[in-house]
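Structure record follows, encoded as C-alpha cells.
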Amino acid sequence: MSDQKRLFLVDAYALIFRGYYAFIKNPRINSKGEDTSAIMGFMNSLLDVIKRERPDHLAVCFDKGGSADRVEMFEAYKANRDETPEGIKTAVPYIYEILKAMHIPIMVKEGFEADDVIGTLSRQAEKEGYKVFMVTPDKDFAQLVTDNIFMYRPVFGGGYETWGIPEVKKKFEVDNPLQVIDFLGMMGDASDNIPGLPGVGEKTAKKFINQFGSMEGLLENTDQLKGKMKEKVEANSELGLLSKKLATIMLDVPVDFDAKDFELDHPDIEKVKEIFQNLEFRRLTDNFLKTFSQEASTSASTENTTKKEVPKAASKEQKSAGAGQFSLFGGDDSPKTETVSEFTRKTAETTTHFYQSIAPGMATQLFVKNLLNQSSVCFDTETTGLNPLTAELVGIAFSWEAGKGFYMPFPEDRNEAQDLIEILRPFFESETIEKIGQNLKYDIKVLAKYNIEVKGKLFDTMLAHYLINPDMRHNMDVLAETYLNYTPISITELIGKKGKNQLSMREVPIEKQTEYAVEDADITLQLKEHFEKELGEANTQKLFNDIEIPLLRVLASMELEGINLDKDFLSSLSEALNNDIANLEKSIFEAAGEEFNIASPKQLGVILFEKMKLVDKPKKTKTGQYSTAEDVLSYLAKDHKIIQDILEYRGLAKLKSTYVDALPLQVEDSTGRVHTDYIQTVAATGRLSSNNPNLQNIPIRTERGRQVRKAFIPRNEEYTLLAADYSQIELRIIAALSEEETMIEAFKNGEDIHASTASRVFNVPLTEVTREQRSNAKTVNFGIIYGVSAFGLSNQTDLSRSEAKELIDTYYETYPKLKAYMSKQVDFARDNGYVQTVLGRRRYLKDINSRNAVVRGAAERNAVNAPIQGSAADIIKIAMIRIHEKLTAGNYKSKMLLQVHDELVFDIYKPELETMKTLIKTEMEKAYQLSVPLDVDLDIGDNWLEAH
DNA sequence: CGGACCACCTA
DNA sequence: GTAGGTGGTCCGG
C-alpha cells in the first residue's frame with residue numbers, strides 16, 4: 001500500500017440489493033416482523049470494506065429520482081425493472097440513519113444515478129492526487145477505470161477483487177476502459193433496459209470492438225459485415241448510438257469533492273449501537289464495535305477467525321461426509337483476496353470443550369456403562385456417504401452435557417462394526433433414555449441397516465425448529481449461528497470440496513473426526529435446550545410430540561421399504577417415446593425450415609416470433625425473452641400445426657427424461673427398489689415433500705403420462721397394491737371450518753360436490769347441470785381454496801373477466817359463510833401475524849400488513865389457503881401414524897409405501913387384503929373429527945395405475 | 001460446475 | 001390464485 005491518499009466510493013443500492021438477495025432464501029426477520037436482510041447485507045459489506053482497507057476517505061452514493069436525462073433520451077430506460085422489493089424500500093431510511101450516525105457522507109443528487117455521482121467524484125478526486133476505489137459489483141463501472149481509479153468488486157463466496165486497467169482490458173477484451181461503453185452499448189443490458197443492437201450478444205460485441213474499435217467505427221463500416229447481421233446493424237444504427245449514450249456514465253454531475261468532508265471520522269458509537277439494538281443486530285453490533293475499537297490494523301490479512309460466508313450451498317440437511325454433496329464455497333477457490341471474516345462468532349477454537357474419542361476395549365465398556373446411566377443423550381452418526389441404504393458407519397458421537405462429548409470410531413470391517421454396535425444396542429433400544437439428534441430420520445435409517453432400532457422418546461432439533469420457524473432453513477450450521485452464535489467446523493474443511501479429491505469421512509484422521517462429530521452432537525444438545533423452551537407455548541408442543549416426532553419413524557420405515565419398479569416396462573415405453581419424439585422433431589424442423597433445439601425456449605422463441613412471425617406482439621418473459629409457455633402457445637395451437645407438435649414434443653420429452661428414463665436409474669442396487677426421501681421440514685404449510693426421486697408428481701392427467709404408473713408394482717405375486725385417497729378433503733375442511741351448512745349438507749348426503757355447487761350457483765336442478773357448468777363450478781371450488789381472483793378464474797376457464805367476476809359473486813351469495821370465514825382468516829392474520837391449522841400448526845405471514853397491494857394480496861391468499869392445506873396435511877399425518885402403529889403391532893406383512901398429500905399407497909399381502917381395507921379406511925376416516933365426514937376411496941390393482 | 005430461468009409434472 | 005420437485009439450456013466463475 002502506498003502513501004497515496006485513498007478514497008472509497010460506495011455504490012449503495014448495488015450493495016443493498018446484493019445483500020438483500022444474499023439472504024433471500026433465509027431472510028432476516030426480527031421480532032417486530034421487519035425484514036432486515038438488506039440492512040444487514042449492506043452493513044456487512046460496508047464494515048468489511050472498512051475493516052479490510054481502513055480507507056482514510058469514504059462516501060456512500062445513492063440514486064435519487066432516476067436519471068432524468070436518460071429517461072428523456074429513451075422512455076423505456078429502466079422501465080422494465082421490477083418494482084423495488086418491500087424489504088429494500090423499508091431498509092433505505094435505516095441505512096441513511098446508520099450512515100449519519102457513523103458520520104459517513106451520503107452523496108445523492110436529485111435526477112442522477114449513483115453511477116454518475118461516483119463517476120464525477122472519482123474524476124475530481126483523481127485530479128487531486130487520490131487513488132479511488134469504486135465499491136460495486138456492477139460491471140458498468142469498468143468504463144471509469146484509469147491508472148488511479150479502480151473497481152473494488154465483492155465476489156461471490158467472500159472477498160474482493162480489484163479491477164484496474166489490465167483487468168478491465170482482459171475481462172472485456174478491449175484496448176482501453178472507455179471501450180466498455182461501446183461494448184455495453186452494443187450488447188445492451190437487460191436490467192438497465194439498454195436496448196443494444198439486436199442480435200448482438202457478448203461474443204459478437206467483443207468481436208466488433210476488436211474489429212472496429214467503437215460503436216461509431218462499426219456503424220461507419222457496415223459494408224464489412226454480411227447477411228442478416230449487416231441488415232440488422234444498418235437498420236438499427238440510431239438505436240446503437242442511443243444505447244451507447246445510455247451506457248455512458250456522466251462525469252459532470254453538479255457535486256463537489258471536498259476532501260475534508262470525506263474523511264472517515266469516528267462514528268457516534270452509542271447512536272449506532274442503539275439503532276442496531278432496535279433492529280436486533282447482535283452480531284453486527286459486535287462486529288461494528290470490533291471494527292472501530294481496534295487500532296487500524298492496516299490489513300485484515302492477519303485475521304484468522306471464521307471462514308464462513310452465508311452458507312448458500314449447504315444442501316439439505318447435512319449428515320456426515322462421504323462421496324459428498326455440498327461445498328460451502330461457491331465459485332472458484334483461488335483466493336484472490338482472502339476470505340471474509342464475517343463476525344466475531346464463536347468456534348471450536350475459541351470455546352472451551354472436552355471432546356474425547358473412545359479407544360476399543362476396556363474404555364468402551366466403561367463408556368457404555370456411563371451412557372446407560374443417562375436420561376437424555378444427543379447422538380450423531382458419521383458415515384461414508386449420504387445414502388443411508390449404502391452408507392457405512394464411521395463413528396458415532398455422543399453428548400449429554402454442553403461442551404463435552406465422546407466419539408466412538410467404527411472399524412471398517414462390517415462384522416467388527418456389527419460387534420461394536422451390539423455393545424451399544426442397550427442404549428439405542430432403551431425405552432427410558434431420551435435420544436436427541438438433528439435429522440434423526442437419517443440416523444434411524446443408518447442404524448436400521450445394522451438391525452438396530454432406536455427406541456424411547458426422541459427430540460429432533462430440525463423438526464423442532466421447523467415448527468418454531470417454518471420459513472427459515474433448518475440445517476445445523478444456520479441454527480448454530482442463529483441461536484448459539486457459534487460457527488461449527490465445516491464439513492469441507494474436513495473432507496474437501498465436492499469432486500474427485502473429496503475424502504470419505506473414513507479417511508479423516510480420528511482426532512479430526514472426533515472434533516467434528518462431537519461438536520455436532522454438542523451443538524445439537526445445546527440447540528435442544530433452546531428449542532424446548534420455545535416449543536412450550538401454544539399447541540406446538542403437542543404437534544411436535546404427537547405428530548412430527550412419531551411421523552419421523554413412520555417415514556423412515558416407508559423410505560427403507562421402497563417400492564418395486566418394472567424396469568422392463570419402462571424401457572419399452574422409452575423406445576416408443578423415442579420414436580414419437582423423433583417424428584415430431586422432423587415435422588417441426590420441416591415447418592420451421594431449419595433445425596434448432598426445441599428444448600431451448602430461447603431458440604424456439606426466435607424461430608416462432610422472429611422468423612415465422614406467428615404473432616404481432618409476442619408476450620415476453622420478465623427477462624425479456626419471448627414466452628413460449630404452455631398457456632401462451634395453446635392459444636395458437638389450433639391455427640398452427642407446428643405449435644401442436646411443439647407442445648406435444650415438450651410433453652413427451654419431459655415424460656421421457658423425468659420419469660421413463662430417470663426412474664430406473666433411481667432403483668437402489670442393494671434392494672432392487674426405489675426409495676424416495678420424504679422431507680418433513682420444507683413445506684411452509686406442513687405438507688411433506690418427496691425427492692430423489694419425487695414420487696409425489698408421477699403423471700396421471702394424460703393418457704400417455706399415466707402409463708408411467710404401470711411401472712409401480714407390488715413386491716411379488718403374493719402382494720397387490722392398494723391406493724387409499726381422501727375424497728375432496730380440502731373442500732370438506734373449508735366447509736367444516738366455515739360452518740357453511742349448505743356445503744356441509746351436500747357432503748353429508750354424499751353428493752357430487754362440484755355438481756351440487758353448479759346446481760346452486762347456476763340455479764338449475766341437479767340433474768340438469770351441464771358438463772361445462774360442473775367444470776366451471778369445480779374450478780371455482782378449487783379457486784376458493786387457493787384464494788380466487790376474477791382474473792385467475794377467467795384464465796382457467798372459457799369465461800370472460802366479467803363473467804368470472806359474476807360467477808364468484810354468485811358463489812359467495814350461495815355460500816355466504818365461506819366468504820365470512822375467508823375474511824375472518826385474513827383478519828386473524830392481521831391481528832396475530834399468523835394463521836393456524838386444526839392442530840395449531842402456524843404459518844407466519846409477515847407481509848399481511850404490507851403497503852404493497854400485490855405483496856399483501858399474496859399474504860391474504862396464504863391466510864386462507866395455509867389452514868386448509870395444512871389441516872389436510874395434519875390429518876393424513878395422524879392417519880399415517882395410527883396405521884403404521886397397527887401394522888407394526890399386528891405384525892402384518894402389508895406395508896405402507898407412499899404418501900401423495902391426500903393419498904396413501906400400500907403393498908398388501910393378499911391374505912391380509914380384507915383386514916387391511918377395513919383398517920386403512922377406518923383409520924383414515926376417523927383420523928380427525930370434523931363436522932363434515934371424511935370419505936376415503938380404496939382401489940386395488942397389480943400396478944399403481946390400476947389401483948387408482 | 002453451479003445458479004438462474006424456463007417449462008412442466010403432482011396434490 | 002396454494003404447496004412442492006426435476007430436467008434442460010445458458011451463462012459466468
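The basis for the numbers below is simple: all heavy atoms, side chains too, and nothing from hydrogens, waters or symmetry mates. The chains referred to below are lettered A, B, ... by the order of the sequence lines, with proteins before strands, and numbering in each begins at 1.
- Distance from the side chain of T779(A) is smallest for dG1(C) among the nucleotides dG4(C), dG1(C), dT10(B).
- Using a 4.0 Å cut-off, no side-chain N or O of T658(A) falls inside it from OP1 or OP2 of dG7(C).
- Rounded to an integer number of Å, the gap from M822(A) CE to dT2(C) C1' is 12 Å.
- Taking only side-chain nitrogens and oxygens, R861(A) never comes nearer than 4.0 Å to OP1 or OP2 of dG1(C).
- Across all strands shown, E730(A) has no heavy atoms under 4.0 Å from either base or sugar-phosphate atoms.
- Across all strands shown, A662(A) has heavy atoms under 4.0 Å from sugar-phosphate atoms exclusively, and none from any base.
- T702(A) comes within 4.0 angstrom of nothing in the nucleic acid, heavy atoms only.
- Look at CD on E161(A): it is 9 Å from C1' on dG13(C), rounded to the nearest Å.
- Set against dC8(B), dA7(B), dG5(C), the side chain of P601(A) has dA7(B) as its closest nucleotide.
- Between E167(A) and K170(A), none of the side-chain N atoms (NZ, or NE/NH1/NH2) sits under 4.0 Å from a carboxylate O, so this pair counts as no salt bridge.
- Regarding D902(A), its CG atom lies at a distance of 7 Å from the P atom of dA11(B), rounded to whole Å.
- Using a 4.0 Å heavy-atom criterion, one finds that A684(A) contacts the sugar-phosphate atoms exclusively.
- At a threshold of 4.0 angstrom between heavy atoms, the contacts of R843(A) are confined to the sugar-phosphate backbone, with no base atom among them.
- Looking at heavy-atom distances under 4.0 Å, R687(A) makes contact with a base.
- Relative to the side chain of K654(A), the nucleotides dC8(B), dT9(C), dT2(C) differ in distance, and dC8(B) lies closest.
- Of the candidate nucleotides dT2(C), dG8(C), dC6(B), dG8(C) has the atom nearest to the side chain of S657(A).
- In this structure, P699(A) and L655(A) approach most closely via the heavy-atom pair CG-CD1, 3.7 Å.
- Residue M896(A) is tested with L722(A), L904(A), V905(A) for a side chain to side chain contact (heavy atoms under 4.5 Å, CB included); the sole match is L904(A).
- Taking only side-chain atoms of T623(A), from C-beta outward, the nucleotide of dC5(B), dA3(C), dT2(C) with the closest atom is dC5(B).
- Remark: R701(A) is in phosphate contact with dA11(B), judged by side-chain N or O atoms under 4.0 Å from OP1 or OP2.
- Contact annotation for I698(A): backbone-only contact, meaning every heavy-atom pair under 4.0 Å involves sugar-phosphate atoms and none involves a base.
- Residue Y786(A) contributes atom OH, which lies 7 Å from atom C1' of dA11(B) at whole-angstrom precision.
- Nucleic acid contact class of L655(A) (heavy atoms, under 4.0 Å, all strands): none.
- Cation-pi contact between K206(A) and F172(A): absent, since separation from the ring centre below 6.0 Å together with deviation from the ring axis within 45° is not met.
- Regarding R473(A), its CZ atom lies at a distance of 14 Å from the P atom of dG4(C), rounded to whole Å.
- Residue-level contact check: K171(A) touches neither bases nor backbone, having no heavy atom under 4.0 Å from any strand.
- Residue-level contact check: V864(A) touches neither bases nor backbone, having no heavy atom under 4.0 Å from any strand.
- Picking from dG1(C), dG7(C), dA11(B) the nucleotide with the shortest atom distance to the side chain of R709(A) gives dA11(B).
- Between the CD1 atom of I733(A) and the C1' atom of dA11(B) there is a distance of 13 Å, rounded to whole Å.
- Electrostatic pairing of R687(A) and E730(A) counts as a salt bridge here, judged by a charged N lying under 4.0 Å from a carboxylate O.
- The side chain of Q603(A) lies closest to dC10(C) when the candidates are dT6(C), dC10(C), dA11(B).
- Put simply, N694(A) has no side-chain N or O that comes within less than 4.0 Å of OP1 or OP2 on dG7(C).
- Looking only at atom types and distance, the side chain of Y152(A) has no donor-acceptor partner in the side chain of T136(A) under 3.5 Å away.
- One can place CD1 of I876(A) at 17 Å from P of dG4(C), the figure rounded to the nearest angstrom.
- Taking 4.0 Å as the cut-off between side-chain N and carboxylate O, K877(A) and E548(A) count as a salt-bridged pair.
- For N697(A) and dG4(C), the shortest distance from a side-chain N or O to OP1 or OP2 is not below 4.0 Å.
- Residue-level contact check: N862(A) touches the backbone only, with heavy atoms under 4.0 Å from sugar-phosphate atoms and none from bases.
- Base engagement by V788(A) is indicated by at least one non-hydrogen atom pair under 4.0 Å involving a base atom.
- OP1 or OP2 of dT9(C) has not a single side-chain nitrogen or oxygen of Q625(A) nearer than 4.0 Å.
- Using a cut-off of 4.0 Å between Lys/Arg side-chain N and Asp/Glu carboxylate O, R650(A) and E630(A) are scored as not salt-bridged.
- Going from atom CD of Q696(A) over to atom C1' of dT2(C) covers 15 Å, rounded to whole Å.
- Note on S600(A): only backbone sugar-phosphate atoms sit closer than 4.0 angstrom, heavy atoms only; bases stay farther off.
- For the OP1/OP2 pair of dG13(C) and a distance below 4.0 Å, the side-chain nitrogens and oxygens of K139(A) include at least one atom meeting the criterion.
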